[in-house]
Amino acid sequence: MKLSLIALSLVAGLAACDAYAGGHATAPVAQSNGILVDTNGMSLYTFDPDTATSSACNGGCAANWPPLAAPADADEGGKFTAITRDDGTKQWAYDGQPLYLWVNDRQPGDITGDGVGGNWHLARP
């Protein structure tokens, strides 16, 4: 039952996040409990030093804060865009903020990365 509620919440959240169906990959993001989550229900985060077109989290930082990967054919729509990272890969951004996961979040609903170092924050629509 709980899984069904999570799935319904993810589906409803997609509409709330301005995601749309297109011929290419769209952002795999939903809304749950007022925050953005990936398709597995894991919390997404933003990093203060980032800009709308670049990530300041590379190398070891990206090992702890995995970027929300976007494919080369990412469909930008609404508030979702894809930025190019230093290593040439693509990353999803929402409203000008690149999105990340946090390695210490173990299950959907975990929000242990919020406030880390004073620079990491839950991504909110």
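Keep in mind that the numbers below use all heavy atoms, side chains included, and drop hydrogens, waters and symmetry copies. Predicted model, so just to flag it, every value in this text is computed and none were measured.
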Review point. Looking only at heavy atoms, which two atoms of Ser43 and Ile35 are closest? And how far apart?
Key: OG-CD1, 3.4 Å
Practice item. Please list, chain by chain and in numerical order, all residues satisfying side-chain hydrogen bond (donor to acceptor under 3.5 Å, both in side chains) with Trp102, sequence neighbours excluded. Key: Thr112
Point to revise | Non-hydrogen atoms of Leu122 and Tyr45 that approach each other most closely | key: CD2-CE2, 3.4 Å
Quiz: residues 52-63 side-chain donor-acceptor pairs under 3.5 angstrom, not counting sequence neighbours:
residue : atom : partner : partner atom : Å
Ser54   : OG   : Thr51   : OG1          : 2.8
Ser55   : OG   : Cys57   : N            : 3.1
Ser55   : OG   : Cys57   : O            : 3.2
Ser55   : OG   : Arg85   : NH1          : 2.9
Ser55   : OG   : Tyr100  : OH           : 2.5
Asn58   : OD1  : Arg85   : NH2          : 3.1
Asn58   : ND2  : Ser55   : O            : 3.2
Asn58   : ND2  : Asp86   : OD2          : 3.0

Practice item. Would you mind reporting whether Pro125 and Leu36 have side-chain heavy atoms less than 4.5 Å apart? Key: yes
Check your understanding: How far apart are the closest heavy atoms of Ala70 and Ala74, and which atoms are they?
Key -> CB-CB, 4.1 Å
Practice item. Hey, could you give me each pair passing side-chain hydrogen bond (donor to acceptor under 3.5 Å, both in side chains) that has a residue in residues 115-125? Not counting sequence neighbours. Key: Asp48-His121
Point to revise | Shared hydrophobic cluster, Leu68 / Met42 (ILVMFWY, side-chain heavy atoms < 4.5 Å) | key: yes
Review point. What is the distance from atom OG1 of Thr46 to atom CG of Asp114, rounded to the nearest 0.5 Å?
Key: 8.5 Å
Review point. From Asn104 CG over to Asp110 CG, what is the distance, rounded to the nearest 0.5 angstrom?
Key: 9.5 Å
Point to revise | Same cluster (ILVMFWY, side-chain, under 4.5 Å), Phe80 and Leu44 | key: yes
Study note, to complete from the structure: Closest non-hydrogen contact found for Ala82 with Glu76 is N-OE2, 3.2 Å
Exercise for review: Report the C-alpha distance between Thr84 and Lys90 in whole Å, list the side-chain angles of each, state the deciding distance to 0.1 Å, and finish with yes or no for side chain to side chain contact (heavy atoms under 4.5 Å, CB included).
Suggested key: CA-CA 5 Å; Thr84 301; Lys90 297 280 188 175; 3.1 Å; yes
Check your understanding: Can you hop from Ile83 to Leu101 via hydrophobic side chains spaced under 4.5 Å?
Key -> no
Review point. Which atom names give the shortest non-hydrogen contact between Pro28 and Trp92, and what distance separates them?
Key: CD-NE1, 3.1 Å
Practice item. Kindly give the heavy-atom pair with the smallest separation between Pro98 and Gly96, and that separation in Å. Key: CD-O, 3.8 Å
